[in-house]
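One structure is given here, and the rest of the page talks about it.
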Amino acid sequence: MTARHLVTSALPYANGPIHLGHLAGAYLNADIWVRYKRATGAEVLFVCGTDEHGAPILVNAEREGLDPASYTDRWHAAIRRSFELLDVRFDVFSRTSRPDPHHGLTQRVFLALLERGYVFSQEADQLFCDACKRGLPDRFAVGTCPRCEYPEARGDECPRCAAAFDAVDLVAPRCKSCGSAAARRPSTHWYLDLPKLRPLLEPWLATKRATWRPNVLGEVDKFLRELKPKPITRDLPWGVPVPLPEAKDKVFYVWFDAPLGYVSATIELCRARGLPEDAWRTWWQDAGTRLVHFIGKDNIAFHTVIFPAMLLGSGEPWALPDVPANEFLNLEGRKFSTSGGWFITVDELVERYPPDALRWTLTRSAPETRDAEFTFKDLQTRVNSELLGTFGNLASRVLKFVRSRYDGRIPGPGAALGEPEQAALAALRAGVEGATAELEAFSTRGAAARVLEVGYAANKLIEARQPFKVIKDDPAQAATTIHVACRLLEGLAVLLAPFVPSTAARLWAQLGLEGAPSDRRWAEAAAPGDPSGRPVGALDQHLFQRIEDHQVEAEVASLHAKARPPVSETTETASTPAPAPAPAAAPSPAPAAAGGAPQGKPTITYEQFAALDLRIARVVAAKPLPKADKLLELELELAGGERRTVLSGIRAWYAPEALVGRQVVYLANLAPRKIRGVESAGMVLAANDADGSAVLLLAERAVPDGAPVS
RNA sequence: GGCGACGUAGCUCAGUCGGUUAGAGCGGCGGCUUCAUAAGCCGUAGGUCGCCGGUUCAAGUCCGGCCGUCGCUACCA
C-alpha cells in the first residue's frame, strides 16, 4: 500500500461563502479521510485554496467597486475561516492569484503542452463589426447557413438544420445588432487538443474502471464521447498571462489554471517548510505518491479527463488521481441556493452547534451515492440519538460507574472474560475492520455507520451483564464487564477521532489517557491497552448536548423567513436591501461562465435610441416552452388588443401564472426570430442580477397597454 | 431535447458478483431496565424494491421502454 498520499479538495471559487452543501461534498469527507490515513501512519499532504480567476469574479468585484484582488482577498479570508471553524485542517490553503508560484507553474505547463504539440493556436478569422467597432462573438453574428442556406443562421448553429459551425463559416455574415456586414480580422486563440491526448488518457482510465464510482465513470464516458479541443485563452485583464509575445492581453481560461492551483499550493507549502525548491515533486511526480481529488459531481470531467490530460501531455511524470466525487446535498427539501436565500453558512451554524455535531451529521447524511438531504430534524436525531444516546451516554454510564464504585480507577478484570465480553471485543475488531474497508473505498459515511455499531455493541454488553446490579453478588464479574467497557471506549475514541476530533480528544481525557486519540495507530483501536488501575479524568462535562425540539423549529422557521419563494411569485420590490452580495459559490475548478462583462458600449445618438420601439405590454398568457428548460412563451397584449408572442429565458425565476396580468417593458420592433420552432416577436426586458438571474422590468404603476416607453 | 446518475418501509438511507423469508437508524406500538444526559436493551407492526415488458432455473440487482428527481448540455430576441 502506498504510504504517501496527496489529498486535495476542490478549490472553492472566491466569490461567495461556503455552505453545508460544499462541505459535505468535498471538504469534510476529505478531512476525515486524511485524518484516518494519518492514523494509519501514512504520510499525507492535504492541500486546498481558493480559485480566484475568471470573469464572474471580475464582474462581481466591479459591481462592488473593488479591484479583483481585494475582492478575492475578502472571500479567501472568509472561506479559510469557515473551514477552520469546522476543524477542516488543510496543510496549506492557498490561492490561485499568487503569481509566484502559481502563474509561473501555469505558464510552464502551457509551454510544455505547446512544445509537445498538445496545444495549438488557431489564427481564426474573427468577425468584427466596423460600425459597432467591436468583435462579434458567435452570438452576435448572423448570416446564411453554409449547409442549408437558411438566411438567419446564428454564429454557432443553424436553427433550421441544426448544423453546428463557427461564426466565420457563415455565408455573408453580418452584425446582429446593427445589421451591417461583418468584417473578418484574424485573432489567435489557443486550444488544448483533447482528441490528440486521448491515446494517453484512455490506457490510464482503463486502470480505474474497476474501482471508480458509477457516477464518476458515467461522466467520464459521456465526456470522452464528445471530446473536442478546448479553448484555453481569453481576453480578460484578470488571470494568468499567456507567456507568448503574440498573446499580449490574453490570459488563460480559469479552468486551465485552477487545477494547477493544487500544485502551486504544494510548492508554496514546501517553500514554507524550508524544503529545497524541487521538494514538491516528491508529492506530484513520484511513483510512490497516491493522488486523491475530493470533489462534487459538477467537477468530474475536469478532474478525471481534462486535468489529467494536461498533466499527461506535459511530458512530466505526474501522479494521476483517484476521484471520489460526491453528489449534492439538499437543504430541508430544496436545493441550496445562495441567491434564493436557501442556504446556511458554516459560520452561522457554528455559533449554535458544536463543530462535531455538524461534522457527524453531514457525514452520516453525506451524498456519496446520490443526492442527499440535510434537515435540522436529522441533525437533532443524529446528535440526540447517535452521538449523545449511543456514545455520550455510554461514556457517561461507564465512567461514572468507575467513579462511584471503584474510587475513580478502572478495575482490572476480576474474572475471565465471558461470552458477552468476548462478543463486545469482537464487535470492536469488526468495527475497525469494517470502518477501514469503508474508508479505503472513500466512504466516510459507511465508516461512521460501522463505528456506530461498536457503540451499540458496547451498550448491549452493559445490558447483558447489568454490572450495576451484579456488583452486589458477583463483584468480580461486574469489574470484568466495566474493565472491558473501558477498553471499548478507548477503541471508540480512536475510531471516532477522524469524524469528531475534539469530542474524541475529550473522551480520551475522560478515560484518563495521555496525549490524543489521534496519536494512536488506527489498527490499534481494535486492541486497546490494559487500563487496569488507571484513574479516569474529570467527568464534569457531558460529551454532547441535547438539541431540543424548539431549536429545530426555530431553525426551520428562520430558514424559511430569509428565503425567497422558489419559483412562484415575482419578487416584490423595495424589500431586501441586498446585503452580502452572494452569488453562487461553485466548488471549483470550474469553467468560467461564458457571459463576459458587459463592457461599456459606444455612445449612440438619440436617433439610434429612438429607433427602438419600446412599449409597455401586458402579459395575458404564459407557459413553459416544451423541450426548453429556460424559455417561457409569453402572450403579450398591446394597444387595441393587439397580441404578440414572445419567448423569454426567465423560466428559472418566474412561474408562468405569476406573470399573467403584469405589465412588462417590451421591445416591439426587434426582428422576429424563430427559436425552438416558435417565432418570437421582439423581446421582454430584464435586468441581470449578480448571480445571473433575470429580474423583469415592470411598470411601476398601471398604464395603458401598449404605452410607449422613452 | 441530448447524455449521465438515481428512484427500496411514514422519514433518512444500506443492499457486494443476479441466489433462501429485502435490511439499518429514526418515528409508531408493546415490554424490560434504572448504572447513565427522559439515556440503554428486547420484541413488533410497516415494503407491488417508480411503472410496463424482456432475459434467466432464479431479478431490488441484468436488458428495453415509460414516468419522476438531480446533474451536464442546448434553448435565454
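Letters A, B, ... are given to chains in the order of the sequence lines, protein chains preceding strands, and every chain is numbered from 1. Every value quoted in this text rests on a predicted model; they were computed, and no experiment measured them.
A gap of 29 Å separates the C1' atoms of B:A9 and B:U56, to the nearest Å. As rounded to the nearest Å, B:A58 and B:C70 have P atoms that lie 37 Å from one another. Between B:G40 and B:C3, the distance separating the two P atoms is 50 Å to the nearest Å. Separating the P atom of B:C13 from that of B:G71 is a span of 16 Å, rounded to the nearest Å.
Nucleotides of RNA chain B nearest to A:Met683 and A:Glu373 differ in position, and the one nearer the 5' end is that of A:Glu373.
Heavy-atom neighbours of A:Glu433 CD from other residues, nucleotides or ligands within 6.0 Å: at or below the threshold of 12. Summarising the local packing, CD of A:Gln545 is surrounded by 12 or fewer heavy atoms from other residues, nucleotides or ligands at distances under 6.0 Å.
Taking atom CZ of residue A:Phe391 and atom P of nucleotide B:U37, one finds them 18 Å apart after rounding to whole Å. When rounded to the nearest whole Å, the span between CD of A:Glu386 and P of B:G40 equals 11 Å. Atom-to-atom, CG of A:Leu217 to C1' of B:C3 comes out at 15 Å; the value is rounded to the nearest Å. Between A:Asn215 atom CG and B:C72 atom P there is a gap of 14 Å when expressed in whole angstrom units. At whole-Å resolution of the value, CD in A:Glu327 and C1' in B:C13 are 15 Å apart. One atom, NZ of A:Lys377, and another, C1' of B:U12, lie 12 Å apart when rounded to the nearest Å. Rounded to whole angstrom, the span from the CZ atom of A:Arg445 across to the C1' atom of B:U12 amounts to 8 Å. Taking atom NZ on A:Lys335 and atom C1' on B:C70, their separation rounds to 7 Å, with Å as the unit.
Of the candidates B:C75, B:G25, B:G71, the closest approach to any side-chain atom of A:Leu631 belongs to B:C75. For A:Arg370, the side-chain atoms get nearest to B:U8 when compared with the rest of B:U8, B:A5, B:G71. Side-chain atoms of A:Lys460 lie closest to B:C42 of the nucleotides B:C42, B:G4, B:C75.
A:Thr381 comes within contact range of the sugar-phosphate backbone alone, with a heavy-atom separation under 4.0 Å but no base atom that close. At the heavy-atom level, A:Asp378 lies nowhere under 4.0 Å from the strands shown. Across all strands, A:Tyr666 comes closer than 4.0 Å to no nucleic acid atom at all (heavy-atom distances). Residue-level contact check: A:Lys222 touches the bases, meaning some heavy atom is under 4.0 Å from a base atom. A:Ala372 comes within 4.0 angstrom of sugar-phosphate atoms only, judged by non-hydrogen atoms across all strands, and of no base. Using a 4.0 Å heavy-atom cutoff across all strands shown, A:Arg225 reaches sugar-phosphate atoms only and no base atom.
Under 3.5 Å, the side chains of A:Ser365 and A:Asp378 contain a donor-acceptor pair of N or O atoms. Under 3.5 Å, the side chains of A:Asn326 and A:Arg370 contain no donor-acceptor pair of N or O atoms. Side-chain contact, A:Glu555 with A:Tyr353: a donor N or O sits under 3.5 Å from an acceptor N or O. With hydrogens and angles left out, the side-chain atoms of A:Thr375 and A:Gln380 include no donor and acceptor closer than 3.5 Å.
Ring pair A:Phe391/A:Trp360: centre-to-centre distance below 6.0 Å.
By the 30° and 60° cut-offs, the orientation of the rings of A:Phe302 relative to A:Trp255 is tilted. The aromatic rings of A:Phe307 and A:His303 lie perpendicular to each other, with more than 60° between the two planes, well past the 30° mark.
The partner of B:C62, taking Watson-Crick or G-U wobble pairs whose two distances both stay under 3.5 Å, is B:G54. Pairing of B:C3, defined by two Watson-Crick or G-U wobble distances under 3.5 Å, is identified with B:G71. Under the Watson-Crick and G-U wobble criteria, each requiring two contacts below 3.5 Å, nucleotide B:U44 is paired to B:G28. With a 3.5 Å ceiling on both atom-pair distances, the Watson-Crick or G-U wobble partner of B:G23 is B:C13.
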Query raised in the report: A:Arg465 and A:Glu421: salt bridge (charged side-chain N to carboxylate O under 4.0 Å, His left out), yes or no, with the steps?
Result: CA-CA 9 Å; A:Arg465 287 299 202 184; A:Glu421 285 79 16; 2.8 Å; yes
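A heavy atom closer than 4.0 Å to some atom of RNA chain B occurs in A:His542, A:Leu543, A:Phe544, A:Arg546, these being the qualifying members of residues 540-550 of chain A.
For the pair A:Arg334 and A:Trp342, the distance from NZ or CZ to the six-membered ring centre is under 6.0 Å and the angle to the ring normal is within 45 degrees. With A:Phe328 as the aromatic partner, A:Lys297 meets the cation-pi criteria of under 6.0 angstrom to the ring centre and within 45 degrees of the ring axis.
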Requested in this report: Using a 4.0 Å heavy-atom cut-off, write out nucleotides 28-35 of chain B from 5' to 3' as B (base contacted by protein), S (sugar-phosphate only) or - (no contact).
Outcome: -----SSB
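A donor-acceptor contact under 3.5 Å is formed by the side chain of A:Asn393 with the base of B:A36.
For B:C76, neither phosphate oxygen OP1 nor OP2 lies less than 4.0 angstrom from any side-chain nitrogen or oxygen of A:Ser648.
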